[in-house]
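To keep things clear, I will list the structure first and then write my remarks on it.
So you know, we letter chains A, B, ... as the sequences are listed, proteins then strands, and number each from 1.
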Amino acid sequence: MEENKNARNSGKNEETKPSLNFIEQIIEEDLRQNKNQSRVHTRFPPEPNGYLHIGHAKSICLNFGLGIKYNGLTNLRFDDTNPLTEDVEYVDSIKEDVRWLGFDWEEREYYASDYFEQLYEFAVKLIKKGKAYVCDMSAEEISANRGTPTRPGKESPFRGRSIEENLDLFAGMRKGEFSDGEKVLRARIDMSSPNMHMRDPVLYRIIHAHHHRTGNDWCIYPTYDFAHGQSDSIEKITHSICTLEFEVHRPLYEWFIKELEIFPSRQIEFARLNLSYTVMSKRKLLELVKKNLVNGWDDPRMPTICGLRRRGYTPESIRTFAERIGVAKRDNVIDVAFLEHCIREDLNHRASRVMAVLNPVKLVITNYPEGKTEEMEAVNNPEDESAGKRFVSFSREIYIEREDFMEDPPKKYFRLSPGNEVRLKYAYIIKCEDVVKDASGNITEIRCTYDALTRSGSPESNRKVKGTIHWVSVQHACEAEVRLFDRLFMKENPEDTADGEDFKMNLNPDSLKVITGYTEPAASSPAVLEKFQFERLGYFCADYDTKPGKPVFNRTVTLKDSWVKVDKNSD
RNA sequence: UGUCCUGUGGUGUAAUUGGCAACACGUCUGACUCUGGAUCAGAAGAGCCCAGGUUCGACCCCUGGCAGGACAACCA
């Protein structure tokens with residue numbers, strides 16, 4: 001007993017080996033057995049019919065991460081088998097996003113459409129083996145005859161066609177002798193299989209449409225089931241990783257490998273990412289875009305990669321996020337707070353600090369000489385000395401946040417209030433002497449005095465005051481448009497709607513607030529996507545809409561704020 | 001009422017593959033602080049879906065339940 005405990009403890013202290021997720025365990029077992037000549041080859045296989053989102057990022061990081069970890073390769077393959085929904089616009093954005101995330105597929109950019117000829121030959125092979133047939137039933141008829149999960153289906157009357165006839169008909173399909181929907185090629189498996197996907201699945205359908213890569217070369221297109229696994233085989237993918245909903249397809253995936261006698265890629269399924277307060281389905285995201293409920297795919301409130309990028313997320317933060325959420329087979333919902341934690345953690349180390357006042361109220365230091373200006377030394381990043389220092393101009397009139405002043409403060413309020421002292425960051429300790437209000441009682445000006453001995457850095461500046469607040473000199477302030485984002489949905493699970501209601505009911509009406517704020521000059525002409533921490537407020541990054549002299553900032557995330565809790569508790 | 005998958009603190013992921021549960025986020029204390037940030041120290045929180053069984057011993061094995069999810073596009 002004692003010995004066991006000691007052994008365990010010492011083992012823990014020596015090296016806590018990062019535990020392997022179940023996919024890594026499978027791979028390492030395969031490696032141990034020297035499968036595939038100990039080769040690891042994965043692929044990321046998006047369909048170019050939409051923009052990538054954070055859920056895809058999980059898959060990208062997983063697939064490319066495995067390739068890197070096991071010294072293998074990872075392909076980028078576009079699963080472009082449906083000309084009706086796909087477009088080059090999407091392949092371009094997908095490539096950009098994968099690259100931005102920091103992954104490199106080198107020369108291995110593949111397309112399922114590149115394999116159309118070979119896939120066609122595979123189909124012919126199946127026909128010749130008597131394992132596929134041309135069926136003349138309509139989609140509705142096929143569906144009606146497929147049965148239900150609990151009831152077996154009925155065999156197609158065309159199931160018994162001769163190999164010759166099937167070959168001839170299939171060739172005719174390719175040649176364009178039939179119209180859309182007139183015929184399909186089906187696998188001949190088992191109409192009474194308990195697995196719906198084994199009930200003579202459709203392999204090819206007729207679609208007279210222009211394909212973004214093959215143009216009008218084809219009018220028959222393979223279905224997912226007949227394209228995906230075979231593409232894996234063609235590329236000699238060792239581990240074909242996909243999400244859970246394809247689990248029931250695996251028997252079919254393996255059936256094709258067996259019947260076609262092709263490279264046995266191994267399909268492994270994992271649970272897709274769900275994020276609280278977020279919808280992740282392409283269909284729903286598309287709907288938000290189409291109905292202008294957001295401003296496009298790259299709206300900073302969107303969970304798309306391009307949206308997160310515009311919001312101010314870094315590739316590193318998304319990668320560590322993807323790594324830390326882990327991979328398993330059980331359904332999961334990750335708290336967005338965790339994503340936010342990852343970006344804060346990253347930005348904390350790399351974002352330059354700057355002072356900005358977003359909800360300004362003027363403050364006049366009555367005993368400070370008019371016209372005088374001082375240059376206050378400020379640290380660019382306390383977490384990174386190499387970020388250096390800068391000077392911030394200080395003068396008699398400054399802006400502070402309205403929230404940093406209260407006429408009737410609660411007990412634990414550390415900020416400015418009548419008769420109270422507070423430090424102006426990098427400057428002086430001031431004391432509130434008076435408040436000026438307009439006719440309706442709104443505070444228009446706060447009047448203070450300063451203690452000249454307390455200038456930051458000076459020998460006698462060490463007097464302690466409870467609060468430190470940020471400020472911007474009125475005379476030196478730079479105007480900026482600032483976009484404050486909040487979560488897009490008010491409900492933790494936006495798809496959980498009362499009967500008949502739509503997920504859009506749960507949209508947060510206040511997810512975007514646009515204001516004008518003041519920053520110090522250091523943030524007056526940011527590069528696009530340049531990141532800052534506005535002291536005490538949060539992380540912000542320059543939006544694409546930034547013009548010379550007209551900065552636009554997006555709030556990436558607020559800083560953690562333990563005051564809101566204190567405030568709430570003091571009610 | 002078919003087949004397949006899943007079921008560990010609030011959330012997510014672990015447990016050297018049978019030795020009474022760890023890490024992260026979150027929460028709560030306290031220290032420190034010219035960001036009520038960061039950092040540091042610490043605490044609470046699951047007894048592993050349930051019931052049997054095997055075993056000296058089970059989160060890990062067996063049996064039976066229960067719960068959740070996936071599957072009935074010529075989408076992927």
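Among the protein residues, Glu535(A) comes within range of the nucleic acid bases, having at least one heavy atom under 4.0 Å from a base atom. Contact annotation for Gly50(A): no contact, since no heavy-atom pair falls under 4.0 Å across all strands. At a threshold of 4.0 angstrom between heavy atoms, the contacts of Lys464(A) are confined to the sugar-phosphate backbone, with no base atom among them. Within 4.0 Å of Phe414(A), counting heavy atoms only, lies at least one base atom of the nucleic acid. Residue Thr223(A) is in sugar-phosphate contact alone, with no base atom involved, counting any heavy-atom pair closer than 4.0 Å across all strands shown. Across all strands shown, Lys425(A) has heavy atoms under 4.0 Å from base atoms, whether or not it also approaches the sugar-phosphate. Residue Glu47(A) is in sugar-phosphate contact alone, with no base atom involved, counting any heavy-atom pair closer than 4.0 Å across all strands shown. Among the atoms of the strands shown, base atoms are found under 4.0 Å from some heavy atom of Ser138(A). Counting non-hydrogen atoms under 4.0 angstrom, Tyr413(A) reaches a base of the nucleic acid.
Side-chain proximity of Leu559(A) to the nucleotides U35(B), A24(B), C4(B) is greatest for U35(B). You'll find that the side chain of Asn82(A) is closest to A76(B), out of A76(B), C74(B), G36(B). If you check A70(B), G2(B), G36(B) against the side chain of Val248(A), the one that comes closest is A70(B). Set against G37(B), U13(B), C71(B), the side chain of His197(A) has C71(B) as its closest nucleotide. The nucleotide whose nearest atom lies closest to any side-chain atom of Met196(A) is, among A72(B), C25(B), A76(B), A72(B). Distances from the side chain of Ser143(A) to the nucleotides G37(B), A73(B), A70(B) place A73(B) closest. In the set A76(B), G37(B), G36(B), the nucleotide with an atom closest to the side chain of Asn348(A) is G37(B).
Residue Thr468(A) places none of its side-chain N or O atoms closer than 4.0 Å to OP1 or OP2 of U33(B). Between A38(B) and Lys560(A), a contact under 4.0 Å exists linking OP1 or OP2 to a side-chain N or O. In terms of phosphate contacts, Arg205(A) brings a side-chain nitrogen or oxygen within less than 4.0 Å of OP1 or OP2 of A76(B). Taking side-chain N and O atoms only, Arg536(A) has a distance below 4.0 Å to OP1 or OP2 of G36(B). Close to A76(B), at under 4.0 Å from its OP1 or OP2, lies a side-chain N or O of Thr81(A). Contact annotation: Ser562(A) side-chain N/O to G37(B) OP1/OP2 distance is under 4.0 Å. Put simply, Gln25(A) has a side-chain N or O that comes within less than 4.0 Å of OP1 or OP2 on A15(B).
Here, A21(B) and A31(B) have their C1' atoms 30 Å apart, quoted to the whole Å.
Side-chain atoms of Asn49(A) never come within 3.5 Å of backbone atoms of Glu86(A) as a donor-acceptor pair (strictly under, hydrogens ignored). Without hydrogens or angle criteria, Arg43(A) side chain to Ile241(A) main chain gives a donor-acceptor distance under 3.5 Å. Listed for the Thr214(A) side chain is no donor-acceptor partner under 3.5 Å among the backbone atoms of His211(A). Of the possible donor and acceptor atoms, one in the side chain of Tyr204(A) sits under 3.5 Å from a partner among the backbone N and O of Tyr120(A).
Residues meeting the side-chain contact (heavy atoms from CB on, under 4.5 Å) test with Asp30(A), sequence neighbours left out: Ile26(A), Lys35(A), His239(A), Arg266(A).
Taking a pair as Watson-Crick or G-U wobble with both distances under 3.5 Å, RNA chain B forms stems of 3 or more consecutive pairs at B:2-7 with B:66-71, B:10-13 with B:22-25, B:27-31 with B:39-43, B:49-53 with B:61-65.
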Below 3.5 Å is the cut-off: list the nitrogen or oxygen pairs between protein and nucleotides 7-9 of chain B, distance only.
unit_1	atom_1	unit_2	atom_2	d
U8(B)	O4	Arg330(A)	NH1	3.4
U8(B)	O4	Arg330(A)	NH2	3.4

